[in-house]
Visitor: 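Quick one: this structure, given as structure tokens, is what I'll be asking you about.
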2 protein chains.
Amino acid sequence: MIDGLERFVNWYGRPVTASPRRLEDPPGAAFLLAALGAHAAARFAERIAALDLTPPQTGLLRAIAATPGQSQQALAQLLGTPASRLVGLVDSLADRGLVERRRNPADRRLHALHLTADGEALAERIEAVGREHDDAILGSLEDEERARLRALLARIAEDQGLTPGVHPGYRRL
Amino acid sequence: MIDGLERFVNWYGRPVTASPRRLEDPPGAAFLLAALGAHAAARFAERIAALDLTPPQTGLLRAIAATPGQSQQALAQLLGTPASRLVGLVDSLADRGLVERRRNPADRRLHALHLTADGEALAERIEAVGREHDDAILGSLEDEERARLRALLARIAEDQGLTPGVHPGYRRL
DNA sequence: TATTGTTATACTCTATAACTATA
DNA sequence: TATAGTTATAGAGTATAACAATA
């Protein structure tokens, strides 16, 4: 406090003399988190667009890579989305020969999802793109800072009950 | 490295023995940032829905509160959205008596935007909701950790060229 | 002719619910 | 009757482009 003036800190950690409601005095760190998260998501979407993939397609492909053989219902539950939404997404990947539906002979209602060889190869490309993306977003941080940030975010994610590896955007807004 | 096995760290910072592509081994911290950001945005949307506001309405109201008297074009530029989109948003706030368009007598094409008394009051409610939201998302962190997280996020936001106080969701995806 | 604000249109994404095929 | 998957429909949100008023 100087001269009775309250002091604030703007987005960038710089002290700012108090004045009624400035755009640089945001509601809080959670807003910063939301803004930065949207930015990161948009930049990632641009990168994977070069692979002709949308973010939901990418997430589904990763989920199938991680847990092959699951039914569409099971995947829908994991991702937190209606099963009807998966149909189109799986179609779009299957049409390109990245994913295949294997009917279960014992219960012909079930479609087990697997990656094809092309799908596996693309999954590895996605991982590489993810690393590039990570460097582009967090490049201004030292390795140690990056690790600290990751640890803090991980704590929050666990506390908030997020499913590891799943973007909550599959759920409503 | 133990026994030639690479070691990974999952979302929650726990070491994980290497195995081919697990959902718990995410592409990187930027993904965690995007996921957590979407979560925070969704939780905030729920809170302000109680004030009968959508996130874009809230952001616009905050922007007008911070820089009153601006034209819609100027605000569109600040928020990074087409001016045509502002029309409906301003309408929705003006119909509720939260915002008013004041014609400029010198140049009757211009509409200067201002908050009404009700709008000012709501802006303060929004700030309070923002603080509650912040506590709900970051409640598991100590004060010092929270400050450190904020500082790291602020560094990234500045490095990435985000406009302080503006959610990039006004821009495309 | 240029600019502010507005309207019209079309497109994308998504959830809900109805439908089919299998059980 | 119940479940997996699919299709149909409808709604929200948004960008693009045409338009009207004013300069």
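No hydrogens, no waters, no symmetry mates; every other heavy atom, side chains included, goes into these values. Protein chains get the first letters and strands the later ones, always in sequence-line order, with residue 1 at the start of each.
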Visitor: Give the nucleotide from the list C:dT16, C:dT4, D:dT6 with an atom nearest to the side chain of B:Leu110.
Guide: C:dT4
Visitor: Is the count of non-hydrogen atoms from other residues, nucleotides or ligands lying under 6.0 Å from B:Arg103 atom CZ greater than 12?
Guide: yes
Visitor: Scan residues 122-148 of chain A for pairs that pass ring pair (Phe, Tyr, Trp, His ring centres under 6.0 Å), counting only residues two or more places apart or in two chains.
Guide: A:Phe44-A:His133
Visitor: Cation-pi between A:Arg62 and B:Phe31: NZ/CZ under 6.0 Å from ring centre and within 45° of the ring axis?
Guide: yes
Visitor: Could you verify whether a donor N or O on one side chain and an acceptor N or O on the other, from B:Glu100 and B:His114, lie under 3.5 Å apart?
Guide: no
Visitor: Does a sphere of radius 6.0 Å around CG in B:Asp143 hold more than 12 heavy atoms from other residues, nucleotides or ligands, not counting ones at 6.0 Å or beyond?
Guide: no
Visitor: Would the number of heavy atoms belonging to other residues, nucleotides or ligands and lying under 6.0 Å from CZ of B:Arg101 be above 12?
Guide: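 Correct, the count exceeds 12.
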Visitor: Got more than 12 heavy atoms from elsewhere within 6.0 Å of CD, A:Gln77?
Guide: no
Visitor: Output the rounded distance in Å from CG (A:Asp91) to P (C:dC13).
Guide: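 Rounded to the whole Å, the gap is 15 Å.
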Visitor: Side chain of B:Thr81, heavy atoms from C-beta onward: which of D:dA15, D:dT6, C:dT16 has the nearest atom to it?
Guide: D:dA15
Visitor: Give the angle between the helix axes at the two ends of the helix from C:dT1-D:dA23 to C:dA23-D:dT1, taking five base pairs at each end and rounding to 10°.
Guide: 30°
Visitor: Can you check nucleotides 17-23 of chain D for protein contacts, nitrogen or oxygen pairs under 3.5 Å, and list what you find?
Guide:
unit_1	atom_1	unit_2	atom_2	d
D:dA23	OP1	B:Arg108	N	2.8

Visitor: Expressed in angstrom and rounded to an integer, what is the separation of A:His111 atom NE2 from C:dA23 atom P?
Guide: 11 Å
Visitor: Whole angstrom is fine here: how far is it from CZ in A:Arg85 over to C1' in D:dT6?
Guide: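 Going from A:Arg85 (CZ) to D:dT6 (C1'), I get 16 Å.
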Visitor: Between C1' on C:dT14 and OH on A:Tyr170, what's the gap in Å once rounded to a whole number?
Guide: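 After rounding, the reported distance stands at 13 Å.
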